[in-house]
Amino acid sequence: MINISTFLDANSKRLSKDIFYCPEHNSNYSSKEFLSIISEIGRILKSKNIKKGDRVLIYLKNSPEYLFSIFAIWRIGGVVVPTNRILTDDEIQYMIEDGECKLIITDEEAKDLVEKLNIDSYIPKFEELDGYREKDILPAEYTEWDDLCQLQYTSGTTGKPKGSMLTHGNWFTAIHNECEVLQLRKNDVALIIYPMAHVGISWAISALSAGALYIMMAEYNIDDYRNLCEKERVTVLSGMPPIIHTLSTHPEYAKQFSSVREIISGGGPLHKKIWRQFQHDYGIPVINAYGLSETIVIGTGTVIRAEDYYSADKYESVGHPVCLSEVKIVDSDNAKINLDKYKQGEIALRGGAIAKGYWNMPEATKKAFLEDGWFLTGDIGYIDKDNRLFITDRKKDMIVMSGWKIYPTEVEEILIKHEAVKDIAVFSINDCHKGELPVAAVIWKDMVNEKNEEKIKEDLINYGKKYLARYKIPRKIFTRDTLPRINGWKLLRRKLKEEYNNYFE
């Protein structure tokens, strides 16, 4: 049996310490208490006729209830369909119908939605769950390596979201690899901020597996983040490019992070200018990771590890394959052609955490999940002489202008170095003559105002021309206060394209 919830059984027999802390509720839980709570939720779900293999959608805010619900569904052999609370009613309805879900776990605020969807529901309440600490343990349902335990819907950068079919074996691999990469130990304290609906929550589950203390931040803000880190003497810290960017602009915060052994980054490109500045001011190795929903982050993927950090002096690689993973570069138009070192092409991954395919999408599955086990990621990159992976862009985000291929991240890496640029996104808009044109959305630093904005835009274009081929230069720069990101981090170029696509018409 490989039911992924059973590491809690093992830990409850050898550890009495707390493994989970939620500051918002001021509540701590040991492995035994955690196990008792998910056992009772599991019994409730069984009373609602949820059986092995049934899909259960979770529509909650980041909370202990969300985490307990995930494990309870796994415990009884069910299939978790995690969703983000910011999704619209129509988006939730699509996932319920596509995933053929039998039940929704939600809260009182979503009662109207539940009535509209005409689906059975369960509303866990924190006070109620806290009373389950001494309940009897529910034995885990027998599950095998390839038994489905999660439908992880992609962010839907193109078309409808696709449900990645993740198994208990996939999760076993992911937990093993993340524990090994971070060298997690039972005396570690891990502050993890990733949303419950995202596969990044695997870092938290890995910490639980190792018997470390996992601290959940239900809602991120920089002040609570740094104060918690200092107060709880955090050793393993989760971050993302925008957070590391913020920290790099506040070197005075560094003393609050003195206990941190490593910080995780992923979900988007960490510009080397920011990475280098953070390293200079904080001296904390960045565990720059690469993976996808279909691979449970680095369940199958690559990473810069703490021990090889100082050999990653270019501040741009996502490192080597993790244990049980393989990586190669293939031709973007023909996956049967393997490319040599430094040749840019599509990144392909193979390993134990690769999803079984896309739920109810046989054609999409056939295109991405090859018969020999390789998964085509849709990302563009290359491998250097030291076998380190470098990501240059999303295949779908690549701009093709009159046959010229333009990778947005390459352009962003240059333009973000301009002294007036705070954040930038390069994307394409349609052009009837050239097919696509590169443009940029920019958030400016305080030095830019209405009087000098046009002059600085011109200066930015000229700056780019010093370092980039002319065809890569954005044809227009749009000023913005924010950039569209999923959960504040993963950039949605599609949203920008939709907003500005008719600009030149």
Side-chain angles (χ1 to χ4, degrees), residues 17-24 28 62 177-195 198 200-268 270-290 297-298 303-313 315 317-319 322 488-489:
K17 63 182 284 290
D18 291 333
I19 61 163
F20 177 40
Y21 169 47
C22 180
E24 282 89 346
N28 300 61
N62 289 332
N177 285 349
E178 290 181 355
C179 285
E180 194 269 336
V181 163
L182 296 179
Q183 294 294 292
L184 285 166
R185 302 179 292 271
K186 66 180 181 180
N187 60 338
D188 272 320
V189 178
L191 176 57
I192 308 294
I193 61 171
Y194 302 133
H198 189 272
I201 194 61
S202 59
W203 296 106
I205 293 172
S206 297
L208 291 172
S209 173
L213 174 62
Y214 157 42
I215 301 177
M216 169 195 288
M217 280 193 73
E219 292 186 17
Y220 166 81
N221 70 73
I222 186 61
D223 291 332
D224 288 347
Y225 180 76
R226 58 194 180 89
N227 291 334
L228 262 175
C229 191
E230 181 177 35
K231 178 184 176 184
E232 302 297 334
R233 301 299 294 167
V234 168
T235 58
V236 177
L237 184 62
S238 69
M240 53 186 73
I243 290 174
I244 293 174
H245 185 192
T246 297
L247 294 177
S248 72
T249 62
H250 289 280
E252 69 274 15
Y253 293 165
K255 61 181 180 295
Q256 293 183 280
F257 295 83
S258 61
S259 61
V260 176
R261 185 173 76 241
E262 53 204 357
I263 182 171
I264 306 161
S265 184
L270 177 61
H271 294 295
K272 55 187 175 184
K273 171 186 175 182
I274 296 168
W275 187 351
R276 184 181 291 112
Q277 187 66 48
F278 178 81
Q279 169 61 21
H280 178 269
D281 293 334
Y282 286 76
I284 300 172
V286 175
I287 307 301
N288 201 27
Y290 171 65
V297 194
I298 62 162
V303 73
I304 288 290
R305 303 164 184 256
E307 64 263 29
D308 63 14
Y309 182 78
Y310 292 102
S311 67
D313 56 0
Y315 294 96
S317 172
V318 290
V322 297
W489 53 308

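Side chains are part of it too, since the values below use all heavy atoms of this structure and drop only hydrogens, waters and symmetry mates.
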Listing request: all ring-ring contact (aromatic ring centres under 6.0 Å, His included) pairs with a residue in residues 228-252, at least two apart in sequence or in separate chains.
H250-Y253

List for me each residue that meets side chain to side chain donor-acceptor pair (under 3.5 Å) alongside N28, sequence neighbours excluded, and say none if there are none.
D18

Using a cut-off of 6.0 Å, state whether more than 12 heavy atoms not belonging to K17 lie near its atom NZ.
yes

Residues at least two apart in sequence or cross-chain that pass side-chain contact (heavy atoms from CB on, under 4.5 Å) with K231, listed by chain then number, are none

Any side-chain heavy atom of V318 within less than 4.5 Å of one from L270?
no

Could you pull out every donor-acceptor pair under 3.5 Å between side chains of residues 209-217 and any protein atom, sequence neighbours left out?
none

If I take atom OG1 from residue T235 and atom CD from residue Q183, how far apart are they, to the nearest 0.5 angstrom?
12.5 Å

Partners meeting ring-ring contact (aromatic ring centres under 6.0 Å, His included) with Y282 (sequence neighbours left out):
F257, F278

Which residue pairs satisfy the side-chain hydrogen bond (donor to acceptor under 3.5 Å, both in side chains) criterion with at least one member in residues 254-266, sequence neighbours excluded?
D188-R261, R226-Q256, N227-Q256, E230-Q256, R233-S258

Any side-chain to backbone donor/acceptor pair from S238 onto L191? Under 3.5 Å, distance only.
yes

Check whether any side-chain heavy atom of Y194 lies under 4.5 Å from a side-chain heavy atom of V297, and answer yes or no.
no

So with a 6.0 Å cut-off around CD of E219, is the heavy-atom count from everything else above 12?
no

Would Q277 and S248 count as a side chain to side chain donor-acceptor pair (under 3.5 Å) here? Give the steps.
CA-CA 6 Å; Q277 187 66 48; S248 72; over 6 Å; no

I want to check something: taking the side chain as every heavy atom from C-beta on, are I264 and L182 in contact at a cut-off of under 4.5 Å?
yes

Could you go through the side-chain contact (heavy atoms from CB on, under 4.5 Å) check for I222 and L247 one step at a time?
CA-CA 9 Å; I222 186 61; L247 294 177; 3.8 Å; yes

M240 side chain near I243 side chain, heavy-atom distance below 4.5 Å:
yes

Any non-hydrogen side-chain atom of W203 less than 4.5 Å from a side-chain atom of I298?
yes

Once you round to the nearest 0.5 Å, how far does CD1 of I274 lie from OG1 of T249?
9.0 Å

Under the salt bridge (Lys or Arg N to Asp or Glu O under 4.0 Å) rule, collect the residues that match up with K273, sequence neighbours excluded.
none

Contacts of type salt bridge (Lys or Arg N to Asp or Glu O under 4.0 Å), residue E180, not counting sequence neighbours
R305

Flag the pair I304 / S317 as yes when at least one side-chain heavy-atom distance between them is below 4.5 Å, and no otherwise.
yes

Can you name the nearest heavy-atom pair linking I201 to P195, along with the distance?
CB-O, 4.0 Å

